[in-house]
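Position 1 is the first residue of the sequence; numbering continues from there.
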Amino acid sequence: MPPRAADILDQLADLQGLTAAADLDSVIAHLHQPLEHYAELELRSDGRRIDLITLSDQPEVPAHFLDLVQTRGALPPEAAAAAVDLLRFGAGKVVGMKLPLAGPLAGGEVYLRGAIPLAEAAYFLRKNQVEPETLDCLMQIAASFGKNHTHMLAADVASVPGYTVFFTTYLTPESEGRDWEMVGHALEAIGIQAETIASLEPLHALLGANRPATLFFSWAIADGVGRKIAKMDYTGVRVGLVAELMHLVGADESLPITWGRLLHMNRANYAGLIVDAQGLAGARAYFTRRLQILDEGSA
């Protein structure tokens, strides 16, 4: 009999010394409809938890998701206020939803997917007490990528209001120098020094070698202030390259290879560099499979 999705998730958690959520079967059943179409598992270099991401264009699904997040994390109603406001503001958009399945279970995140004009994003953030200097920085990041819109806008379910803004650029064989220049300007805008930015260029070349592809740049805002930290996600990265990235940040380089074997995948759909003022601060890998496929044991 093919392994159940919950059994595979148990194995992934055990690899990192984590305990899968006791309500794992309940979560999968609760989100059964969106998970049949989209399920993304996040591997973190810090080993703190495993997150599940799914999508829906049905407005009742995110509302039920927020109820689930608050219940399992024993969070007060105000912890979801930013996410509730974002869902109302973004009504009509496809919504991404993220919650932990192993490790600490408190919290979650919702995303508005697809282009959002900068004026709309700035309005929403301003009315949620994001500081003017942070909004100025947002505009500088957008200008770095030549964008008049965000790619996604996310809100945390947490005691401290938090948001993440995403931009993209398209990597082509002809644009390597130009796209790194854009990334550098965006990192400079959030306060990363030139020497630190230069040290990251070889990793950009490594993870962005599989061109053409999309690069995702995300920047976090916490309690109204932009953080001096960003993440760059690259698409279609071999598990061996993800292993190299894990090695560079002092994490277990065997994990992405084992994840790939258990999930019948030789590439991560996305691999991410986390960058702070000191340089490379962490790594992520994201594996996307329909849970129905996992249950069928299909490659």
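- Atom CG in Leu135 sits 13.0 Å away from atom OH in Tyr123 (nearest 0.5 Å).
- To the nearest 0.5 Å, atoms CD1 (Ile53) and CG (Leu35) are separated by 11.5 Å.
- Not counting sequence neighbours, Trp219 has no partner by the ring pair (Phe, Tyr, Trp, His ring centres under 6.0 Å) test.
- Residues Leu55 and Phe166 are members of separate hydrophobic clusters, defined by side-chain heavy-atom contacts under 4.5 angstrom among Ile, Leu, Val, Met, Phe, Trp and Tyr.
- For the atom pair OG1 of Thr288 and CD of Glu40, the computed distance is 4.0 Å after rounding to the nearest 0.5 Å.
- At most 12 heavy atoms of other shown residues, nucleotides or ligands fall within 6.0 angstrom of atom CD in Gln193.
- Under the 4.5 Å side-chain heavy-atom criterion for Ile, Leu, Val, Met, Phe, Trp and Tyr, Leu262 and Val239 are members of the same hydrophobic cluster.
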* Given Ile141 and Val165, is the side chain to side chain contact (heavy atoms under 4.5 Å, CB included) satisfied, shown in steps? -> CA-CA 10 Å; Ile141 296 170; Val165 186; over 6 Å; no
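- When the side chains of ILVMFWY residues are joined at heavy-atom separations under 4.5 Å, either directly or via intervening members, Ile192 and Leu248 end up in a single hydrophobic cluster.
- Relative orientation of the Phe216 and Tyr270 rings is perpendicular, given thresholds of 30° and 60° on the angle between their planes.
- Atom OH of residue Tyr286 and atom CZ of residue Arg44 lie 8.0 Å apart, to the nearest 0.5 angstrom.
- Classified by interplanar angle (parallel below 30°, tilted 30° to 60°, perpendicular above 60°), the ring pair Phe124/Tyr163 is perpendicular.
- The list of ring pair (Phe, Tyr, Trp, His ring centres under 6.0 Å) pairs with a residue in residues 43-77, not counting sequence neighbours, is empty.
- Within 6.0 Å of CZ in Arg211 there are more than 12 heavy atoms belonging to other residues, nucleotides or ligands.
- We find the OG1-CG distance between Thr71 and Leu66 to be 10.5 Å, quoted to the nearest 0.5 Å.
- In this structure Glu42 satisfies the salt bridge (charged side-chain N to carboxylate O under 4.0 Å, His left out) test together with Lys98, Arg284, sequence neighbours excluded.
- Taking the six-membered ring wherever Trp is involved, the centroid distance between the rings of Phe217 and His151 does not fall below 6.0 Å.
- Under a 3.5 Å cut-off, the side chain of Ser45 and the backbone N or O of Met246 do not form any donor-acceptor pair.
- Hydrophobic clustering, with ILVMFWY side chains joined whenever heavy atoms are under 4.5 angstrom apart, keeps Phe145 apart from Ile229.
- Considering CD of Glu181 and CD of Glu188, their distance stands at 10.5 Å, rounded to 0.5 Å.
- Under the 4.5 Å side-chain contact rule for hydrophobic residues, Leu99 and Tyr111 do not share a cluster.
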